[in-house]
Amino acid sequence: MSIAPSDKVALPAGPSRDLYRVVVVGGGAGGLELVTRLGDTLGQHDRADIALVEKERTHLWKPLLHEVAAGSMDVSRHELDYLAQAYWHGFRYRFGEMIGLDRARRLVHLAANFDDEGRLITPERSIGYDTLVIAIGSVSNDFGTPGVKEHAICLDTPEQAQRFNRRLINACLLAHTQAEPVRPGQLHVVIIGAGATGTELSAELHRTVRGVVAFGLDKIDPNKDIKITLIEAADRIVPILPKRLSDSTARLLGELGVEVRTGARVTEVRRDGVQLAGGEFIPSELVVWSAGVRGPDVLKDLDGLEATAANQLVVRPTLQTTRDDRIFALGDCAYLVQEGETQPVSPRAQAAHQQAAYLLKQIQHRLNGQPIEPFRYRDFGSLVSLGEFSTIGSLMGFIAGRGLFVEGYFARLMYRSLYKMHEAALHGPLKVGFDTIARSLTRRSEPHVKLH
Ligand SMILES: Cc1cc2nc3c(=O)[nH]c(=O)nc-3n(C[C@H](O)[C@H](O)[C@H](O)COP(=O)(O)OP(=O)(O)OC[C@H]3O[C@@H](n4cnc5c(N)ncnc54)[C@H](O)[C@@H]3O)c2cc1C
């Protein structure tokens, strides 16, 4: 069922009460693309009032977080200021975290914001909508494993990734300056969960830790003192890849010196290491948890919207939530099982990107009083980057609907293209071209690892 712009109700929030109000909550891989394009096409031409509700002030594309954690990416070069983006692209930026919803009055409730000294930045308030798109992504799922919250670091936000990187460099500095020799586990990183994120992080870390040590921390012997262990409960790593490719990935990691442990289940994370089912204990200074995702807690009961046990909003093929035609969900926080399939669309940037492009068209249709068409996800395959060593993956539909295995430079180019598509959706292709050239020029004269 579609809803015409005339279904508006009078609401207290927002200066443009006469215009149809589209509110997107969450400015991530999908939400920011959508709100930017809605602003360009509708907001700037006063055809609708477009707003983004976002709890952070800057955006960083989430698949870059393992590079931030490893120290091979400078966040300041890739983050985007929401306020500026809103100004350039004709939408309003509403800084705040969604903490609730009033579907009857069409209001999104936002929490108050305070600075580090407890001073109020923005008060608790509500924003009115006519169409609402929820795109608040996912958070790590620790499945109730003891000690994860206290002792492991998740890679959900740039702050967490930067915290991991600081702790890693601090551990190297201590090992270099202490009087006694490096003790077992002191420079040991355990990564729990060998999906794409954990696997990519292990390869990237292997390179960057050696890069840091090479800058004069000569009391550390990288081959003897530094150890990276990747733990996976399933019987193979990166299960999104065909078995042949996940075997090659495991072999490549082994050649780098990354210890890969499959069929190993973690029962507890402790301050000094990781406990496995079966009794083995792996001493470790740093533990990263990357073993699955779930929707943020606010989705558990969002004014009666249907959600799964993992807090994802159940949506229909139009991405409308099952109990409210005005509310859509996209990306990691949406649970969509497509017709003829048994598994939901996986939580990936590729899906968020396609859903954002789809919703842009459907919201335009809605404003023109046209019916909404169903969304169809097209899986273009999966690629896993092993940093500078290799990129491995399969691209779908190239040979009569079958997958094509790719590796090396071409695979790396394809891997990077997903980020370029995201940047192009936010800035246009011309700016992306200039930025890429500028970044590659300055990168030549700077350290390739973060040293502080
Ligand atoms: C290290 C890492 C590597 C990855 N690599 C890949 C890859 O190679 N390929 C791939 O396809 N996918 C990859 N992914 C997965 C990919 O990042 C996600 O699938 C994608 O970011 C989901 O997009 P999204 O728009 O749904 O959510 P996100 O990009 O997570 O954005 C959600 C936004 O909502 C905001 N938000 C959250 N809660 C609230 C709230 N209550 N109120 C207001 N705002 C809120 C957040 O601040 C954030 O800006 C990777 C993920 C990680 C962590």
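Keep in mind that what you see is a predicted model, and the values were worked out from it rather than measured. Note that ligands are numbered from 1 as they come in the structure, with each ligand's atoms numbered from 1 the same way.
- Residue A135 approaches ligand 1 through these ligand atoms, each under 4.0 Å from one of its heavy atoms: 32 (C), 33 (C), 34 (O).
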Take Q350 and H353 through the test side chain to side chain contact (heavy atoms under 4.5 Å, CB included) and record every step on the way to the result.
-> CA-CA 5 Å; Q350 199 186 133; H353 174 76; 5.8 Å; no
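- Considering backbone and side-chain atoms together, T197 places no N or O closer than 3.5 Å to any N or O of ligand 1.
- Note: an N/O pair closer than 3.5 Å links E54 and ligand 1 by distance alone.
- Not a single N or O atom of V25, backbone or side chain, sits closer than 3.5 Å to an N or O atom of ligand 1.
- Backbone and side-chain nitrogen or oxygen atoms of G331 are examined, and none is located within less than 3.5 angstrom of a nitrogen or oxygen of ligand 1.
- Residue-environment remark: CZ (R271) stays at or below the threshold of 12 foreign heavy atoms within 6.0 Å.
- Looking from atom 50 (C) of ligand 1 to the surrounding protein, the closest heavy atom is P63 CA, 3.9 Å.
- The closest protein non-hydrogen atom to atom 30 (O) of ligand 1 is K62 CD, 3.4 Å.
- Within the 4.0 Å heavy-atom criterion, the part of E56 lying near ligand 1 is the side chain and not the backbone.
- Among A329, S385, A349, G31, the residue whose heavy atom lies nearest to atom 16 (C) of ligand 1 is A349.
- At under 3.5 Å, a nitrogen or oxygen of D332, whether backbone or side chain, sits near a nitrogen or oxygen of ligand 1.
- Remark: minimum distance from atom 9 (N) of ligand 1 to any protein heavy atom is reached at L418 CD2, 4.1 Å.
- A salt bridge is absent between E67 and R207: the closest approach of a Lys/Arg side-chain nitrogen to an acidic carboxylate oxygen does not fall below 4.0 angstrom.
- Of the polar atoms of C333, none of the N or O atoms is found under 3.5 Å from an N or O of ligand 1, judged by distance alone.
- At under 3.5 Å, a nitrogen or oxygen of A29, whether backbone or side chain, sits near a nitrogen or oxygen of ligand 1.
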